[in-house]
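Note sheet for the following structure.
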Amino acid sequence: MPAPQKRIRFRDRNNVLARPEFISLNQPIGAPQEARNSSKKPSGQAGGNSSENARERRQSQQLPEEDCMQLNPSFKGIAWNSLMAIDICLSKRLGVCANSTSSWGGARSMVRLIGITSHGFPWIGGTLLCLWKSSTLAGQEVLMNLLLALMLDILTVAGVQKLIKRRGPYEMTPGVLDYLVLDVYAFPAGHASRATMVSKFFLNHLVLAIPLRILLVLWAFIVGVSRIMIGRHHISDVIVGFIIGYMQFNLVEVLWLSSGTCQMLASLW
């Protein structure tokens, strides 16, 4: 036998991939088992089977979007995810009254009471009662516009919460009063927006001493902090609630009802 054939046979014998256990490595990637047995089938079905196998191969290679990894995320995406992670982590750390076993679990009832001072149901009920008892045109004008601001706050917060549907840092079931004012989700914080709007409303339309003005601002801030401590909202939820409350006050100032309009509405009521 010539020398070149001997060298080729020696090289094939020493080739690891030529062993029977490694024969599959020499096959095309993704070749289905049915393709190996296609020679056993009639030639009339070969064309149809090959097209079906190719279609199945393409479908198997198309992964769903949730299984795909984004290898080159944008800088905005990285920054946003980092901020959200920091927000969730800090909110969980500050939720010291989230349950009775928390570090400040004994103060949970007091912190919940602070939140009730900014709940929509007591404010609307109290405004309606004062409007019914009021006998001056100036008082009716202020109270009617306050009622308009409270209704605007409830509708705005409920609409945004229904759109975003963000849960709080801790799993909590909303209370009966929360369902009455549609304050079910976490973003934005309805208590924070209401406290900001009411405090700004009183500061702008009532003559108050400086200590009372300072107390109003502190009350709005403490209400927002209490919602974080109780584990109901994230930090970002409360901050956005403050912003929405301030924007609602400005909108009410633009849509301010005159004394004649308020008197007409009060007579209908």
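Atoms considered below: every heavy atom in the structure, side chains included; atoms not considered: hydrogens, waters and symmetry mates.
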With a 4.5 Å limit on heavy-atom distance, are the side chains of [X] and [Y] in contact?
{"X": "I78", "Y": "S74", "value": "no"}
{"X": "Y185", "Y": "V160", "value": "no"}
{"X": "Q248", "Y": "T156", "value": "yes"}
{"X": "K92", "Y": "I88", "value": "yes"}
{"X": "M247", "Y": "L251", "value": "no"}
{"X": "Q161", "Y": "P188", "value": "yes"}
{"X": "Y170", "Y": "I230", "value": "no"}

Minimal non-hydrogen separation, [X] against [Y], with atom names:
{"X": "C97", "Y": "R108", "answer": "O-NH1, 2.7 Å"}
{"X": "M197", "Y": "A149", "answer": "SD-CB, 3.4 Å"}
{"X": "F201", "Y": "F249", "answer": "CA-CE1, 3.7 Å"}
{"X": "I124", "Y": "I154", "answer": "CD1-CD1, 3.1 Å"}
{"X": "L206", "Y": "R213", "answer": "O-NH1, 4.1 Å"}

For the side chain of [X] and the backbone of [Y], is there at least one donor-acceptor N/O pair under 3.5 Å apart?
{"X": "N81", "Y": "G77", "value": "yes"}
{"X": "R166", "Y": "A186", "value": "no"}
{"X": "H234", "Y": "S236", "value": "no"}
{"X": "H191", "Y": "S118", "value": "no"}

salt_bridge(K200, D153) N-O dist < 4.0 Å: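 No salt bridge links K200 with D153.
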Using a distance-only test with no angle check, is there a side-chain donor-acceptor pair under 3.5 angstrom linking [X] and [Y]?
{"X": "H205", "Y": "E141", "result": "no"}
{"X": "T117", "Y": "W219", "result": "yes"}
{"X": "S193", "Y": "T196", "result": "no"}
{"X": "S199", "Y": "R194", "result": "no"}

Partner set under side chain to side chain contact (heavy atoms under 4.5 Å, CB included) for W80, not counting sequence neighbours: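 Counting only residues at least two positions away or on another chain, W80 forms a side chain to side chain contact (heavy atoms under 4.5 Å, CB included) with M84.
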ILVMFWY cluster, F221 and V223 together (side-chain gap under 4.5 Å):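 Cluster IDs for F221 and V223 differ.
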Identified side chain to side chain contact (heavy atoms under 4.5 Å, CB included) counterpart of L152 within the set V252, L147, L255: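 That would be V252; it is the only one of V252, L147, L255 passing the side chain to side chain contact (heavy atoms under 4.5 Å, CB included) with L152.
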